[in-house]
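Report on the structure given below.
All values below were derived from every heavy atom in this structure, side-chain atoms included, with hydrogens, water molecules and symmetry-related copies excluded. In each ligand, atom 1 is the first atom listed, and ligand 1 is the first ligand listed.
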Amino acid sequence: MNKLFGFFAMGVMVLTSCSGAQNAEQPWIVDRFDDIKVIRYEVPGFENLTLEEKELVYYLSEAAKCGRDILFDQNFKYNLAIRRTLETIYTQSDVREGDEFVAFEKYLKKVWFANGIHHHYSNDKFKAEFSEAWFREQLAKYINEENRQIEDDLLCKIIFDEKLYASRLNQKEGVDVITESAGNYYEGVNQEEVEAFYNGMAALDANNPEPVSYGLNSKLVKENGKIYEQVWKIGGMYSPALEKIVYWLEKAATVANPTQKEVIEALIKYYKSGSLKDFDDYSVLWVKDTDCNVDFVNGFIESYGDPLGRKASWESVVNFRDVEACKRTEIMAANAQWFEDNAPINPAYRKKEVKGVSAKVITVAMLGGDCYPATAIGINLPNADWIRKEHGSKSVTIDNITYAYDKAAQGNGFAEEFILREEDRERAKNFGKLGDDLHTDLHECLGHGSGQLAPGTKGDELRTYSSTLEEARADLFALYYLGDEKLVEIGLIPSLDVAWSQYSDYIMNGYMTQLSRIELGKDVEESHMRNRKLIAEWCYEKGKAENVIELVKKDGKTYIVVNDFVKLRKLFGELLCEVQRIKSEGDYEACKALVEGYAVKINPELHKEVIERNKALNIEPYGGFVNPEYELVTDAEGKVVDVKITYPANYIEQHLYYGKEYSFLPSLN
Ligand code: ZN
């Protein structure tokens, strides 16, 4: 493989300001607080785009920033009121030191990072480390009739009463996941009512081969005994923000090529009508446009934030093709049918004809909504099963983001602490990044798109377990094929060492190291984490008799090592077969047993140990980003002649700026 990032050595680093958190050894990290590090990313190749492409990036980026408030409100109905109150105090206060202020600043940084008062990953409400008395003093000093968003007493109760709105997304077995979750997708309804409402809708559509994703773009409320949807559209809920988004999309359409213009106009039509049929029409056009250089995601897309997996959070990503790195995914896409035909699953559940696998490696130019500050490193869309089956899906790996992660992690001591054997450390050093990238490519490009449902299975049978199972399916597909000689044969990897490095890393992360992200005493809730734990623990248990994976104790520390990579690959295949069967047949009971049995409960001793060892390294378990900024350069007549990119490196300033310039919704919606 070519080294893809050679040109980075010459990359300009424009560090405009310094927040003090930056340090000379780690210029990629711009801020760190609590369990978070904020990283900067660069946009290599932007200068080489045509003027029209640069303009397109600019307009789509503006649109990407305009939906930020929507996500805050979706995450919790009082988030915007809280953010605005905190920002008022923060910007007006003349005090800039003292324990209370420092704790307050940290809290605000966390709220910005999570787009609300609940942790972006664990979904738990943040604990304020400043006192209520101090906070009330600030309220009295800086909050008056004019800038008060909600009553002081209610505000204090929300922030300081730990039991109130404790979780944004509570999926614990046996609870009413709707009434126990603080997310703002439902109001006044319980789980039973929600399920009845949408089952009724789906039943009307039972024989439609192109069913829309009911509930995707609305809040479900019960008022005066009546249950109805408040649709997110122009003229409906979130209209002021959506109007701005559409304004910039209209600008984007003026510089887009004819195909992409059609795509953008279809999206505008959907934002205006709120019709999910229009959304599907748009998604079909979008997925078919595989030639575009600049591309984007903008809309209500992923449903991880809804305990029932129906309502989608608003997000946006603007990107363009990384031509050199795309050679990798083009090879994968060209062999898609071979992968499908050889998948270790029941032949009945293989796709007979793999359609429209489009995979590319991209450079991100702007992150917005649910992709900012924390973002995925791979995306596969659209989500509608029938569109994927009929028209395929687009899948991307985001290279400049993984590159920045990699840079920010250099020299942090993690490998020395957690990887026992020198040979594994060496393999990780040489092949780790490529293994990670290929895992993401395979997961997104082929994994999610593979397989098919049995006749009669609708796809919503797995309910709260569906995200975990789907992620497990994509991961297992990637892991299984990563260790296949075919990859060497088609030139994707130089040797299977790439796979073995990924296997060791995956098992260690799933079984142990990812636990550092979870508070002691808590269960695993997030679906990607659940999926990794499920795979690692299942394989550990099933391979125990043959010592495939081994837990080693040394000097009081626990290590996990893979002793037999080939046998581990076989186990990945066996689990993939079962996971695909569960999805294809909609086998809820088997799915529940698998997830509850392997993915949720944590061994408390191991958990404690991992947290302590990680803490000693001073590594924040979560990362997110600051965006670059773009500026139109015009000539004397006002004609756009260029677009300039700069890299601000101050987390606080970026969020205050967004809060001032890109905030369009009222505090309560
Ligand atoms: Zn995935």
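- Side-chain atoms of Asp505 and His439 include no donor-acceptor pair closer than 3.5 Å.
- Between the side chain of Ser316 and the backbone N or O of Val297 there is at least one donor-acceptor pair closer than 3.5 Å.
- The aromatic ring centroids of Tyr480 and Phe339 lie 6.0 Å or more from each other.
- Using modelled atom types and a 3.5 Å distance limit, the side chains of Tyr271 and Asn298 yield a donor-acceptor pair.
- Donor-acceptor pairing under 3.5 Å is recorded for the side chains of Glu302 and Asn383.
- Considering only residues two or more places apart in sequence or on other chains, Tyr540 meets the side-chain hydrogen bond (donor to acceptor under 3.5 Å, both in side chains) condition with none of them.
- Protein contacts to the Zn ion (ligand 1) involving N, O or S atoms at a distance below 2.8 Å are His443 NE2, His448 NE2, Glu471 OE1.
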